[in-house]
Amino acid sequence: MSRSIDLIFDGLSAPVRLNGCEELLQPIRTILPHWPFATMPSADAEEPIAIISPASRGRYSSVCLSSGGKTRVYDAIDAVCDMIVELSWEMLRSGQWLMCLHAAAIEMAGRLVIVPNVRRAGKSTLTACLARRGYPIFSDDFVPVRLGDDGILMGHANGICPRLRLPLPKDFSAGFRDWVGADPGPANSRYKYLTGPVLPPNGTARPLGAIVILDRRPNAPTALQPMDEGAAMKALLHQNFARSVHSATILNVLKVLLSVIKPMRLSYANAEEAADFLAAAFTDWQGPPPVASDTERLAFREIDEDTLTAAQPVFYEDRVYERASGITEMSMNGHHYLTDRSGLGIHSLNSGALAIWRLLEEPMRLTDLSAVLSAAFPDVPHEQIAEDCADVLRRFVENRLVTSLEE
């Protein structure tokens, strides 16, 4: 008779539930060798973050809390992958972390080199190349970050084996291919987990040392250069795993992070050459780890659930609007952001939207905004300015960045 068991992972309060598929315990233990968990009979009163059940031969249905109850069907490896994503969400729900970056973290000379995920930039393969060279892998996918009592930003290991996308790129050496082929880690047609790399136990902490944004281009010479902080902020905002954290907290934490850890851009064409380049670049660190001085920005704010359930605001062209309360602003190297009161939205403003936002320091109607900007830009047709102002003000209203004085 099949039974239902709960997996209680260290550091998490809610379980993963396996309904009649205890055979998944073996790949779970193999893929998460250093994230301890206990097993116990399922308790109906305990809401699980994920439920995995048999679907058909070799296939499993997965229902995760973050998917809103949507059922997805996978093979064993993809079902475990889906579970791992949910584990990262549950870490954030606990409220003990500043953020959980969608990034790899490799320990080099006692500090962590953070490699944020950029689509098709080669994060996982570069991580595997560094793992082959013996560097400890704290993560190849999500990195929990906490501020220490001494003001040092610390990244924590998750104890999960790194994962490679298959098939391997054609430009990898025979030695790398043989190394991957000899690894006994579980795999399917899309992914292979590597069990050979050095994996620190879950929770092991090291100071953050560098943030390296990948820029993979054909025939690009390998080069590591300082990166504009504003551009790095834009990249990191799209890779942060903290959707259960108020957006103002996310924005402020990232600003503190980039003020402490200067971002760099790695241009490269071949991952193995890039790994050698990073190994040479981070053989030691100058001075002690930097300390975050602007820690008052890091106060935790809860998402405003009442705002989320309120009716969608309607834009009226003839009303007077002013800035809403509870808005957080942040500028960095020419990039300007606002967070809404609900805590779910981060809004990037271009120069036109920023000009309108500045004018809204005082309550104004759409016609007033258009008139002021038309006077400032006489070479632009008034009709175009009026249309652009209406579009921006409508977005401000719909995103609850401004409110009507007549409501």
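In this chain, residues are counted from 1 in sequence order. As a basis for the values below, the full set of heavy atoms in this structure was taken, side chains included, without hydrogen atoms, waters or symmetry mates.
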Using 0.5 Å steps for rounding, measure from the OG atom of Ser13 to the CD1 atom of Ile8. 9.0 Å

Could you list the residues that satisfy salt bridge (charged side-chain N to carboxylate O under 4.0 Å, His left out) with Arg395, not counting sequence neighbours? none

Pick out which of Leu130, Asp284, Thr283 makes a side-chain contact (heavy atoms from CB on, under 4.5 Å) with Met108. Leu130

Applying ring pair (Phe, Tyr, Trp, His ring centres under 6.0 Å), which residue pairs with at least one partner in residues 357-381 are found, sequence neighbours left out? Trp357-Phe396

Roughly how far, to the nearest 0.5 Å, is the OG atom of Ser4 from the CG atom of Leu18? 7.5 Å

Report the residues that fulfil side-chain hydrogen bond (donor to acceptor under 3.5 Å, both in side chains) with Arg365, sequence neighbours left out, ordered by chain and then residue number. none

Specify the closest pair of heavy atoms between Arg323 and Thr403, including all atoms of both residues, with the distance to one decimal. O-OG1, 4.4 Å

May I ask you to decide if Thr367's main-chain N or O and Ser370's side chain share a donor-acceptor pair within less than 3.5 Å? no

Looking only at heavy atoms, what is the nearest atom pair of Phe315 and Ala390, with distance? CE2-O, 4.0 Å

Do any pairs count as a ring pair (Phe, Tyr, Trp, His ring centres under 6.0 Å) and have a residue in residues 251-274, sequence neighbours left out, and if so which ones? none

Does Ala371 offer a backbone N or O that forms a donor-acceptor pair with the side chain of Ser374 under 3.5 Å? no

Taking the side chain as everything from C-beta on, heavy atoms only, tell me whether Arg165 gets closer than 4.5 Å to Thr125. no

In this structure, CE of Met91 is separated from CH2 of Trp89 (nearest 0.5 Å) by 13.0 Å

Considering only heavy atoms from C-beta outward, does the side chain of Leu360 approach that of Glu322 to under 4.5 Å? no

I would like to know whether Ile5 and Glu22 meet side chain to side chain contact (heavy atoms under 4.5 Å, CB included); could you show each step before the answer? CA-CA 8 Å; Ile5 60 173; Glu22 289 184 75; 3.9 Å; yes

For Arg358, side-chain hydrogen bond (donor to acceptor under 3.5 Å, both in side chains) partners two or more places apart: Glu329

Side-chain donor-acceptor pairs of residues 25-37 under 3.5 Å, sequence neighbours excluded:
{"from": "Thr30", "atom 1": "OG1", "to": "Gln26", "atom 2": "O", "distance (Å)": "3.0"}
{"from": "Trp35", "atom 1": "NE1", "to": "Asp10", "atom 2": "O", "distance (Å)": "2.9"}

Please table the atom pairs, donor to acceptor, closer than 3.5 Å between any side-chain atom in residues 271-280 and protein atoms at least two apart or in another chain.
{"from": "Glu272", "atom 1": "OE1", "to": "Ser173", "atom 2": "N", "distance (Å)": "2.8"}
{"from": "Glu272", "atom 1": "OE1", "to": "Ser173", "atom 2": "OG", "distance (Å)": "3.3"}
{"from": "Glu272", "atom 1": "OE2", "to": "Ser173", "atom 2": "OG", "distance (Å)": "2.8"}
{"from": "Asp276", "atom 1": "OD1", "to": "Arg133", "atom 2": "NE", "distance (Å)": "2.8"}
{"from": "Asp276", "atom 1": "OD1", "to": "Arg133", "atom 2": "NH2", "distance (Å)": "3.0"}

Residues two or more places apart in sequence or in another chain: which of them pass side-chain hydrogen bond (donor to acceptor under 3.5 Å, both in side chains) with Glu398? none

Taking it one step at a time, do Asn399 and His347 satisfy side chain to side chain contact (heavy atoms under 4.5 Å, CB included)? CA-CA 9 Å; Asn399 289 306; His347 311 277; 3.4 Å; yes

Just jot down the salt bridge (charged side-chain N to carboxylate O under 4.0 Å, His left out) partners of Asp150, sequence neighbours excluded, or say none. none

Quick one: do Cys389 and Ile356 satisfy side chain to side chain contact (heavy atoms under 4.5 Å, CB included)? Show the steps, please. CA-CA 7 Å; Cys389 284; Ile356 294 172; 4.0 Å; yes

Ala324 and Arg400 have their tightest heavy-atom pair at CB-O, 3.5 Å

Do Leu101 and Leu254 touch side chain to side chain, with heavy atoms closer than 4.5 Å? yes

If you measure from SG on Cys161 to NZ on Lys192, what distance do you get to the nearest 0.5 Å? 11.5 Å

How far does CZ of Arg216 sit from NZ of Lys123, to the nearest 0.5 angstrom? 12.0 Å

Do Asn202 and Asn158 meet the criterion of a side-chain donor-acceptor pair at a distance under 3.5 Å? no

Among all residues two or more places apart in sequence or in another chain, which pass the side-chain hydrogen bond (donor to acceptor under 3.5 Å, both in side chains) test with Asp368? none

Nearest heavy-atom pair of Val314 and Tyr321: which atoms, and what distance? O-OH, 3.9 Å

Looking at side-chain heavy atoms only, is the closest gap between Ile84 and Phe142 below 4.5 Å? yes

With heavy-atom distances below 4.5 Å as the criterion, would you say the side chains of Ser61 and Arg72 are in contact? no

Regarding Arg190 and Asp78, does a basic nitrogen lie under 4.0 Å from an acidic carboxylate oxygen? yes

Exercise: identify the closest heavy-atom pair between Ala269 and Pro218: CB-C, 4.4 Å

In short, Ile261 meets Pro290 closest at the heavy-atom pair CD1-CG, 3.8 Å

For Phe176, all residues meeting ring-ring contact (aromatic ring centres under 6.0 Å, His included), sequence neighbours excluded: Phe172, Trp179

At what distance, to the nearest 0.5 angstrom, does CE of Met330 lie from CG of Leu338? 10.5 Å

Under 3.5 Å, side-chain donor or acceptor atoms of residues 220-233 against the rest of the protein: list the pairs with distances, not counting sequence neighbours.
{"from": "Asp228", "atom 1": "OD1", "to": "Asn333", "atom 2": "ND2", "distance (Å)": "3.0"}
{"from": "Asp228", "atom 1": "OD2", "to": "Gly230", "atom 2": "N", "distance (Å)": "3.0"}
{"from": "Asp228", "atom 1": "OD2", "to": "Ala231", "atom 2": "N", "distance (Å)": "2.8"}
{"from": "Glu229", "atom 1": "OE2", "to": "Lys262", "atom 2": "NZ", "distance (Å)": "3.0"}

State, yes or no, whether a side-chain contact exists between Leu194 and Pro162 at a heavy-atom distance under 4.5 Å. yes

Given side chain to side chain contact (heavy atoms under 4.5 Å, CB included), test Ile52 with Val80 step by step and report yes or no. CA-CA 9 Å; Ile52 306 175; Val80 176; over 6 Å; no

Is the closest side-chain heavy-atom distance between Ile213 and Pro116 below 4.5 Å? yes

Please check if any side-chain donor atom of Thr39 sits under 3.5 Å from a side-chain acceptor atom of Asp6, or the reverse. no

Hey, is the main chain of Gly196 close enough, under 3.5 Å, to the side chain of Asp183 for a donor-acceptor pair? yes

Would you call Leu208 and Arg111 a side-chain contact if the rule is heavy atoms closer than 4.5 Å? no

